[in-house]
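Here the structure is laid out as structure tokens; the discussion comes afterwards.
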Amino acid sequence: VQLQASGGGLVQAGGSLRLSCAASGRAVSSYATGWFRQAPGKEREFVAAFSRVTGNTFYADSVKGRFTISRDDAKNTVYLQMNSLKPEDTAVYFCAARVSGSLYSMNSYHYWGQGTLVTVSS
């Protein structure tokens, strides 16, 4: 499966953005998908993901209650709705897909999109 992330941009603190991750090659429903982010000078970190077994959603504590991961199988696309954005949310956001393994671990994800930059100004 190929993944292409889009939707990043510049937004003021308190604003919202919706990131999209369009899949091609295979149905995104065949995988469990997630979002990670990497801020300048920092390691890539988990943001949100679906459980492959239950379809339940999981979030990093730092985004819980503000971000929502969702999926539209008809459009073969995964979304990340980001509300109440903070300057510390500034990062390159990556979508990824896995077949197995821990949903929190980068090493579990076999397929990655190219990343989209989100900048939140104070």
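Worth knowing before you read on, the calculation uses all heavy atoms, side chains too, and leaves out hydrogens, waters and symmetry mates. Keep in mind that what you see is a predicted model, and the values were worked out from it rather than measured.
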R71 meets the salt bridge (Lys or Arg N to Asp or Glu O under 4.0 Å) criterion, sequence neighbours left out, with D73
Heavy-atom closest pair (W112 atom, M106 atom, distance to 0.1 Å) is CZ2-O, 3.7 Å
Rounded to the nearest 0.5 Å, the OG atom of S29 sits from the CZ atom of F50 at a distance of 11.0 Å
For R26, the salt bridge (Lys or Arg N to Asp or Glu O under 4.0 Å) test, sequence neighbours excluded, returns none
One should read off an interatomic distance between R37 CZ and R44 CZ, to the nearest 0.5 angstrom, of 13.0 Å
- Task: Report whether V11 and L117 are members of the same hydrophobic cluster (ILVMFWY, side-chain heavy atoms less than 4.5 Å apart, transitive linking).
- Result: no
Taken in chain and number order and not counting sequence neighbours, the residues that satisfy salt bridge (Lys or Arg N to Asp or Glu O under 4.0 Å) with E88 are none
Looking only at heavy atoms, the pair that brings S122 and A13 closest together is CA-CB, 4.4 Å
Strictly distance-based, threshold 3.5 Å: is any side-chain N or O of Q4 a donor or acceptor partner for the main-chain N or O of Q114? no
Residue set satisfying ring pair (Phe, Tyr, Trp, His ring centres under 6.0 Å) with Y111, at least two apart, ordered chain then number -> Y31
In L80, V78, I69, the residue satisfying side-chain contact (heavy atoms from CB on, under 4.5 Å) with L19 is L80
- Query: Counting only N and O atoms by type, is there a donor-acceptor contact under 3.5 Å from the side chain of T77 to the main-chain atoms of D72?
  - Reply: no
Please check if V118 and F94 belong to a single hydrophobic cluster, counting links between Ile, Leu, Val, Met, Phe, Trp and Tyr side chain heavy atoms closer than 4.5 Å. no
dist L17:CG -> Q81:CD (nearest 0.5 Å) comes out at 8.5 Å
Rounded to the nearest 0.5 Å, the CG atom of D61 sits from the CZ atom of F46 at a distance of 10.0 Å
>> Contact between Y79 and T68 at the side-chain level, heavy atoms closer than 4.5 Å - yes or no?
In response: no
Trace of the ring-ring contact (aromatic ring centres under 6.0 Å, His included) decision for Y109 with F36 | CA-CA 10 Å; Y109 291 81; F36 287 75; 5.0 Å; yes
Between the CZ atom in R18 and the CE atom in M82, the distance rounded to the nearest 0.5 Å is 11.5 Å
- Please confirm whether the backbone N or O of S84 pairs with a side-chain atom of R66, one donor and one acceptor, at under 3.5 Å? yes
Members sharing L10's hydrophobic cluster, built from side-chain contacts under 4.5 Å between Ile, Leu, Val, Met, Phe, Trp and Tyr, are none
Closest non-hydrogen atoms of T116 and G7, given as atom of the first, atom of the second and distance, are OG1-N, 3.9 Å
Residues H110 and S100: closest non-hydrogen pair is NE2-N, 4.5 Å
Between A97 and L3 the two heavy atoms that sit nearest each other are N-CD1, 3.8 Å
**Prompt:** Once the angle between the rings of Y104 and F58 is folded into 0 to 90°, is it parallel (under 30°), tilted (30 to 60°) or perpendicular (over 60°)?
**Reply:** perpendicular
Salt bridge K86-D89, side-chain N to carboxylate O under 4.0 Å: no
Residues at least two apart in sequence or cross-chain that pass side-chain hydrogen bond (donor to acceptor under 3.5 Å, both in side chains) with S6, listed by chain then number, are none
Review point. Is the side chain of N76 donor-acceptor paired with the backbone N or O of A23 at a distance under 3.5 Å, no angle test?
Key: yes
Any link between W35 and V28 through a network of hydrophobic side chains (Ile, Leu, Val, Met, Phe, Trp, Tyr) touching at under 4.5 Å?
yes
For R98 and S51 the tightest heavy-atom approach is NH2-CA, 3.9 Å
Is T90 reaching over with its side chain to a backbone N or O of V120, donor-acceptor style, under 3.5 angstrom? yes
